[in-house]
Amino acid sequence: MGHKRLGSLPKSKAWRLIVEELSSFALGKGDVNEIAKKTLYQVRDRFNKLENDPSVKATFEFLVQVSYAFQHENPTKYLVDRNILEKEELSVLKLARAINSYKSEELQSHEYQSFARQAAIDAINNWYSSNLDQGVSLFSKGIEPENVFSKAGSGSGFCEISRLFFSKFTERYLKYFLEREASSKITNIKARDRFNKEIEDHVDEISRHAFESSKITQSYAAGWYNKHSKDKLPNEADIQKLINRTFGKMRSELLHEEIN
């Protein structure tokens, strides 16, 4: 366990065309949108495996734990009692550190585990920042993290954290394949920086759209949380069902238009 990697990139004719488009991008001719869509289509079989990866489930379970904690009178104590936090001090940074140690032994691929952990950290950071009062930043004084995170205990709060997680995971997954090829095909540093910036913006957009465009998925996440966290923490089987459904819906949306 823990030794499997994603392996070599595809060698098909379609993939070679993607590589050629990366070269064209360096000359100012490539279309990031088409490159991203074609890349996803080529790695779709691997994308199918994400939902059953143990480190993906463990990381998403961490986010469920955080949301569930804020249904309790003392959420920080809840997280400490379950060895998620070391002591009763809550902050975005401490949660980010906790993600990296939560069930770290449950993995098949170091890459998938890294994608999942970073996506969870992105989700928490983005969610927390968006729920601060207007004009307040992460570094403003006098912020009570528990007051901000209290919004995570609702179905809508959990739904938004889920959206961010699945979107950021998909973004990182696509960028992994694109950047591996771009590093060898786009040798000009300025062009590579431009590519990385454009692909980051675009992949974030399409992965976010994939979740939001399926209202069933969005409402299902909130409904699932309200139903399964009413009296106790959702069990692993129910968490796995939510992961399967969400990745399945996102995959269908992302691959809605067949790419030749």
Side chain to side chain, [X] and [Y], heavy atoms closer than 4.5 Å:
{"X": "Phe158", "Y": "Ser229", "value": "no"}
{"X": "Tyr225", "Y": "Ser67", "value": "yes"}
{"X": "Asn52", "Y": "Gln240", "value": "yes"}
{"X": "Ile121", "Y": "Asn100", "value": "yes"}
{"X": "Gln65", "Y": "Leu233", "value": "yes"}
{"X": "Tyr128", "Y": "Ile161", "value": "no"}

So how far is it from [X] [atom1] to [Y] [atom2], rounded to the nearest 0.5 Å?
{"X": "Ile99", "Y": "Phe62", "atom1": "CD1", "atom2": "CZ", "value": "4.5 Å"}
{"X": "Thr170", "Y": "Leu50", "atom1": "OG1", "atom2": "CG", "value": "7.5 Å"}
{"X": "Ser104", "Y": "Arg117", "atom1": "OG", "atom2": "CZ", "value": "5.5 Å"}
{"X": "Asp238", "Y": "Lys227", "atom1": "CG", "atom2": "NZ", "value": "7.5 Å"}

Salt bridge [X]-[Y], side-chain N to carboxylate O under 4.0 Å:
{"X": "Asp53", "Y": "Lys57", "value": "no"}
{"X": "Asp122", "Y": "Arg172", "value": "yes"}
{"X": "Glu236", "Y": "Lys103", "value": "yes"}

Acceptor/donor pairs from residues 146-156 side chains to any protein atom, 3.5 angstrom cut, sequence neighbours excluded:
residue	atom	partner	partner atom	Å
Glu146	OE2	Thr76	OG1	2.3
Ser150	OG	Asn147	O	2.6
Lys151	NZ	Asn131	O	3.0
Ser154	OG	Lys151	O	3.1
Ser154	OG	Ser156	OG	3.1
Ser154	OG	Gly157	N	3.1

(request) Please name the pair of heavy atoms, one in Thr59 and one in Ala116, separated by the smallest distance, quoted to 0.1 Å. (result)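 Heavy atoms only, the tightest pair is CG2-O, 3.3 Å.
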
(message) Can you confirm whether the side chains of Glu61 and Tyr102 place a donor and an acceptor under 3.5 Å from each other?
(response)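 Yes, because at least one side-chain N or O of Glu61 sits under 3.5 Å from a partner of the opposite role on Tyr102.
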
(message) Can you confirm whether or not the ring centre of Phe169 sits under 6.0 Å from the ring centre of Phe247?
(response)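 Between Phe247 and Phe169, which both carry aromatic rings, the centre distance is below 6.0 Å.
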
(request) Report the relative orientation of the aromatic rings in Phe165 and Phe60; use parallel for angles under 30°, tilted for 30 to 60°, perpendicular for over 60°. (result)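 Phe165 vs Phe60 ring planes: tilted.
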
(request) For Gln71 and Lys230, indicate whether the former's side chain and the latter's backbone hold a donor-acceptor pair under 3.5 Å. (result)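 No, the answer is negative, given that no donor and acceptor are paired below the 3.5 Å cut-off.
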
(message) Has Ser130 got a side-chain atom pairing as donor or acceptor with Trp127's backbone, closer than 3.5 angstrom?
(response)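 Side chain of Ser130 to backbone of Trp127: a pair is present.
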
(message) Check this for me: Arg82, atom CZ, are more than 12 non-hydrogen atoms of other residues, nucleotides or ligands nearer than 6.0 Å?
(response)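 It does: Arg82 CZ has more than 12 such atoms within range.
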
(request) List the steps, then state whether ring pair (Phe, Tyr, Trp, His ring centres under 6.0 Å) holds for Tyr78 with Phe70. (result) CA-CA 9 Å; Tyr78 171 92; Phe70 285 90; 9.2 Å; no

All N/O donor-acceptor pairs, side-chain side in residues 83-95, below 3.5 Å, sequence neighbours left out:
residue	atom	partner	partner atom	Å
Ser91	OG	Lys94	N	3.0

